[in-house]
Amino acid sequence: MTRHRVRLATVGILACVPLLLSACGSDDPDTGATDDTETSAAEETGGGDDGATGEATIVIQDFAYGDPLTVAPGTEVTVTNEDSAPHNANDAGGAWEFDLLQQGESTTFTAPDEAATYDLLCTQHPDMSGQLIVEG
Ligand SMILES: [Cu+2]
């Protein structure tokens with residue numbers, strides 16, 4: 001008698017590879033690894049059209065941008081600063097930039113059309129790092 005055993009091991013690994021932008025000599029006492037994953041929320045307006053008109057949010061908290069955020073090209077990205085320190089979230093390569101946000105302030109920018117991983121930059125705190133991933 002043969003026992004037929006089919007074992008389907010489907011392993012889906014979403015590898016989030018954190019970019020280690022090692023910034024030496026940080027005086028921040030607050031650079032410990034925090035694991036909160038509630039910082040980014042992508043909202044999709046359930047519609048019928050094909051246009052990628054999504055919205056996404058980056059919340060800056062504790063000198064961090066949260067997990068890398070993946071959006072479609074042209075997505076309206078809202079950035080909110082919840083820290084008492086001023087922050088912004090410019091593209092290190094200059095694809096977009098905006099002024100520093102004070103605590104509680106928000107702004108929006110439009111994600112670039114070119115699919116790539118964009119490094120977020122705070123002009124006040126070069127130690128901060130984060131990514132916006134544009135996927136076509
Ligand atoms: Cu900052």
Side-chain angles (χ1 to χ4, degrees):
M1 297 299 108
T2 47
R3 259 198 214 150
H4 208 86
R5 219 182 192 187
V6 178
R7 202 190 270 173
L8 258 185
T10 312
V11 184
I13 299 177
L14 277 179
C16 282
V17 185
L19 257 188
L20 289 181
L21 292 178
S22 53
C24 303
S26 162
D27 286 330
D28 280 353
D30 217 346
T31 43
T34 47
D35 258 346
D36 36 340
T37 48
E38 284 183 65
T39 40
S40 59
E43 283 178 22
E44 285 178 44
T45 40
D49 53 348
D50 290 331
T53 50
E55 294 173 29
T57 305
I58 295 172
V59 177
I60 306 173
Q61 211 169 18
D62 296 330
F63 290 79
Y65 294 113
D67 291 336
L69 180 64
T70 302
V71 300
T75 298
E76 281 266 295
V77 181
T78 300
V79 183
T80 302
N81 177 24
E82 294 195 346
D83 272 346
S84 53
H87 297 297
N88 52 14
N90 292 346
D91 170 41
W96 70 85
E97 62 178 17
F98 53 86
D99 291 338
L100 290 165
L101 299 171
Q102 303 301 319
Q103 187 170 32
E105 287 185 337
S106 296
T107 192
T108 60
F109 67 91
T110 304
D113 289 332
E114 190 183 336
T117 297
Y118 297 86
D119 288 318
L120 302 178
L121 170 77
C122 176
T123 51
Q124 289 280 292
H125 309 102
D127 282 356
M128 292 174 62
S129 71
Q131 282 90 43
L132 179 79
I133 301 162
V134 176
E135 267 180 13

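One-based numbering, in listed order, for ligands and for the atoms of each. Hydrogens, waters and symmetry mates play no part in the numbers below; they use all other heavy atoms, side chains included.
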Exercise. When you check the side-chain N and O atoms of E76 and T110, is any donor under 3.5 Å from an acceptor?
Worked result: yes
Exercise. Is V134 close to L132 at the side-chain level, that is, under 4.5 Å between some pair of heavy atoms?
Worked result: yes
Seminar exercise, completed: To the nearest 0.5 Å, atom CZ of F98 lies from atom CG of N90 at 5.5 Å
Problem set entry | Value rounded to 0.5 Å, distance of CD in E105 from CG in L100 | 9.5 Å
Exercise. Counting no waters, what protein N/O/S atoms lie under 2.8 Å from the Cu ion (ligand 1)?
Worked result: H87 ND1, C122 SG, H125 ND1
Seminar exercise, completed: Interatomic distance, OG1@T108 vs CD1@I58, rounded to 0.5 Å, equals 11.5 Å
Exercise. How are the rings of F63 and H87 set relative to one another: parallel (under 30°), tilted (30 to 60°) or perpendicular (over 60°)?
Worked result: perpendicular
